[in-house]
Amino acid sequence: MPELPEVETVKREISPYVKGKIIRDVKIIDARVIKGISPREFKKKLTGDTILNVERRAKYLSFKLKSGKYLVIHLGMTGRLLFSPDKYVKVIFKLSGNKTLYYSDLRLFGKVKLYNHYPILKLGPEPLSKEFTPRLLKELLSKRKTNIKSLLLDQRFLSGLGNIYASESLFCAGIDPRRKANTLKDYEIKNLNREIKKVLTKALAHKGTSFSWFVDAEGKKGGFQLKLMVYRKEGKPCPRCKTPIKRIIQSNRGTYYCPRCQK
DNA sequence: ACCTAAACCTGGGCGC
DNA sequence: TGCGCCCAGGTTTAGG
């Protein structure tokens with residue numbers, strides 16, 4: 001489900017409601033989502049602690065706790081943080097002020113983990129940060145021989161992009177997803193850098209993309225699925241030149257692109 | 001060091 | 001209705 005814009009949307013929605021709240025109780029419905037420690041330990045360590053704030057890094061949400069610990073949640077493909085339960089609730093956090101936060105996850109690719117200290121995650125730069133410049137992108141690309149699409153999905157290279165926004169950014173930049181990373185020209189790198197920022201910013205303004213799974217904490221869908229150019233549009237006309245959109249497989253993931261517009 | 005394929009799960013949608 | 005297949009917003013691993 002969730003890439004940077006979706007995770008950021010969840011963060012913005014839940015922050016005001018969970019900040020300053022005490023975790024009164026933790027109920028674990030399915031222990032498979034809890035990583036690193038036993039469900040008993042998890043519940044014991046968390047109960048009574050206070051949530052100071054919520055941050056997003058890449059596709060991770062981290063809850064900073066008063067004790068100095070960090071509760072880190074990755075939504076995987078179908079993870080949700082909700083204020084009302086759905087069919088697939090796996091963990092229940094009872095908070096002070098009569099608020100309950102539900103972690104729901106159909107496919108169980110998500111992760112809930114408790115760190116004793118600030119988590120060190122092996123992640124590339126944030127695409128919406130000032131640090132992510134054409135110059136930095138050029139530097140990162142220069143060492144890599146793999147295709148540009150797969151590289152954009154690699155979180156150690158650049159963090160926050162997923163399958164939707166990788167395809168969309170490459171379309172907007174007019175770059176063929178099969179191109180070897182180190183063969184991109186300077187002007188293409190500049191375009192790609194700009195389009196990544198543009199696509200993510202726009203998606204964020206629409207509160208993310210919702211096909212079937214993504215909803216925010218209030219259960220509301222995003223709106224960016226109406227703005228997609230190529231993603232999941234195989235056979236449909238390219239919005240720019242009307243050539244049918246193609247779907248290919250790269251690193252076991254579907255890639256959508258226009259064979260005419262993307263060189 | 002770098003790259004790819006498969007594994008982890010459950011469900012929706014389609015053709016027959 | 002049902003079966004079998006393909007598809008799905010992600011990450012980690014095993015192996016070349």
Side-chain angles (χ1 to χ4, degrees), chain A residues 1-11 29-36 56-61 72-81 86-90 103-113 119 121-124 127 140-170 177-182 196 199-200 202-204 206-216 220-236 245-256:
Chain A
M1 159 186 28
E3 306 178 32
L4 187 154
E6 290 77 27
V7 179
E8 179 67 23
T9 299
V10 171
K11 190 210 95 173
I29 312 296
D30 191 327
R32 285 178 290 178
V33 298
I34 312 287
K35 306 296 174 186
R56 181 195 59 76
R57 170 77 174 99
K59 302 173 191 171
Y60 293 87
L61 284 170
V72 176
I73 297 181
H74 192 293
L75 300 174
M77 287 280 231
T78 53
R80 290 171 164 175
L81 279 170
D86 67 4
K87 242 176 111 174
Y88 307 103
V89 168
K90 307 298 179 201
Y103 177 72
S104 149
D105 193 351
L106 184 152
R107 290 178 70 184
L108 294 168
F109 287 169
K111 278 177 252 186
V112 177
K113 201 168 170 178
L121 306 164
K122 286 179 206 152
L123 295 166
L140 292 172
L141 288 171
S142 64
K143 305 164 198 155
R144 304 297 217 105
K145 292 179 187 154
T146 191
N147 68 73
I148 183 65
K149 159 66 173 8
S150 300
L151 197 52
L152 291 180
L153 291 184
D154 183 345
Q155 302 297 297
R156 291 162 307 179
F157 172 81
L158 183 66
S159 66
L161 284 193
N163 216 22
I164 297 177
Y165 303 114
S167 275
E168 292 294 307
S169 303
L170 286 168
R178 298 166 298 179
R179 290 275 298 281
K180 303 286 168 222
N182 61 5
I196 287 171
V199 166
L200 291 177
K202 248 192 195 165
L204 203 42
H206 285 88
K207 302 196 172 189
T209 301
S210 293
F211 283 102
S212 44
W213 290 106
F214 175 66
V215 291
D216 67 20
K220 294 193 298 279
K221 292 195 168 210
F224 198 67
Q225 63 278 11
L226 303 172
K227 306 284 172 187
L228 295 174
M229 308 293 243
V230 292
Y231 185 76
R232 290 216 201 170
K233 294 195 184 292
E234 184 181 18
K236 303 227 168 82
I245 298 301
K246 267 186 94 164
R247 176 180 179 274
I248 55 172
I249 301 289
Q250 294 179 297
S251 305
N252 270 3
R253 314 289 306 277
T255 298
Y256 298 84

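Protein chains get the first letters and strands the later ones, always in sequence-line order, with residue 1 at the start of each. What you are looking at is a predicted structure, and each value in this text was computed from that prediction instead of being measured.
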* Are A:Ser142 and A:Asn182 linked by a side-chain donor-acceptor pair shorter than 3.5 Å? -> no
I'd like a list of close polar pairs between nucleotides 3-6 of chain B and the protein, N/O only, cut-off under 3.5 Å.
{"residue": "B:dC3", "atom": "OP1", "partner": "A:Lys145", "partner atom": "N", "Å": "3.1"}
{"residue": "B:dC3", "atom": "OP1", "partner": "A:Thr146", "partner atom": "N", "Å": "3.0"}
{"residue": "B:dC3", "atom": "OP2", "partner": "A:Arg144", "partner atom": "NH1", "Å": "2.6"}
{"residue": "B:dT4", "atom": "OP2", "partner": "A:Thr146", "partner atom": "OG1", "Å": "3.2"}
{"residue": "B:dA6", "atom": "N7", "partner": "A:Asn252", "partner atom": "ND2", "Å": "2.7"}

* Answer yes or no for this row: A:Phe109 ring on B:dC8 base, centroids under 5.5 Å, planes under 30°. => yes
* Is there a side-chain polar atom (N or O) of A:Arg232 under 4.0 Å from OP1 or OP2 of C:dA8? -> no
* Asked: Will you find, in the side chains of A:Arg57 and A:Ser159, an N or O donor that is under 3.5 Å from an N or O acceptor?
  -> yes
* Respond yes when some side-chain nitrogen or oxygen of A:Lys122 is under 4.0 Å from OP1 or OP2 of C:dT11, and no when none is. => no
* Please report, rounded to the nearest Å, how far the P atom of C:dA8 is from the CZ atom of A:Arg253. => 8 Å
* **A:Tyr88 side-chain proximity, nearest of C:dT11, C:dG10, B:dG11** => B:dG11
* To do: Please state how far atom CG in A:Leu108 lies from atom C1' in C:dG10, giving the value in whole angstrom units.
  => 13 Å
* **For A:Tyr60, ring pair (Phe, Tyr, Trp, His ring centres under 6.0 Å) partners two or more places apart** => A:His74
* Side chain of A:Arg107, base of C:dA8: donor and acceptor closer than 3.5 Å? -> yes
* In whole angstrom, give me the gap between the P atoms of C:dA14 and B:dC9. => 15 Å
* Nearest-Å distance, CG (A:Asn182) to C1' (B:dC2)? -> 12 Å
* **A:Asp105 and A:Arg80 ion-paired at < 4.0 Å** => no
* Side chain of A:Glu6, backbone of A:Gly208: donor and acceptor closer than 3.5 Å? -> no
* **Spacing of A:Arg80 atom CZ relative to C:dG10 atom P, expressed in whole Å** => 16 Å
* Asked: Would you write out the dot-bracket form of DNA chain C, 5' to 3', with Watson-Crick and G-U pairs under 3.5 Å, [ ] for crossing pairs, | for pairs to other strands and . for unpaired bases?
  -> .|||||||.|||||||
* Does A:Gln155 have a side-chain nitrogen or oxygen under 4.0 Å from the phosphate oxygens OP1 or OP2 of C:dT11? -> yes
* Any side-chain donor near an acceptor of the partner, A:Lys149 and A:Thr255, under 3.5 Å -> yes
* Round to a whole Å and report the spacing from NZ of A:Lys35 to P of C:dT12. => 11 Å
* side-chain contact (heavy atoms from CB on, under 4.5 Å) with A:Glu168: which of A:Val199, A:Asn163, A:Leu161? -> A:Val199
* To do: Rounded to the nearest 0.5 Å, what's the gap from CD1 on A:Ile29 to OH on A:Tyr88? Could you check?
  => 15.0 Å
* To do: Without swapping roles, check the side chain of A:Glu3 against the backbone of A:Ile164 for a donor-acceptor pair under 3.5 Å.
  => yes
* Phosphate-side-chain proximity, A:Tyr256 and C:dA8, N/O vs OP1/OP2 below 4.0 Å -> yes
* Would you say A:Lys59 reaches C:dT11's phosphate, i.e. side-chain N/O to OP1/OP2 under 4.0 Å? -> yes
* Asked: Roughly, in whole Å, what's the span from CD in A:Glu3 to P in C:dA8?
  -> 13 Å
* To do: Look up atom OG in A:Ser167 and atom CE in A:Met229, then write down how far apart they are to the nearest 0.5 Å.
  => 13.0 Å
* Asked: Is the distance from OP1 or OP2 of C:dT11 to the nearest side-chain N or O of A:His74 less than 4.0 Å?
  -> yes
* Nucleotide C:dG10, atom C1' - distance to CG of A:Leu121 in whole Å -> 15 Å
* Asked: For A:Leu158 and C:dG10, what is the distance between atoms CG and C1' respectively, to the nearest whole Å?
  -> 15 Å
* Asked: Contact class for A:Arg247 (heavy atom, under 4.0 Å): base, sugar-phosphate, or nothing?
  -> sugar-phosphate
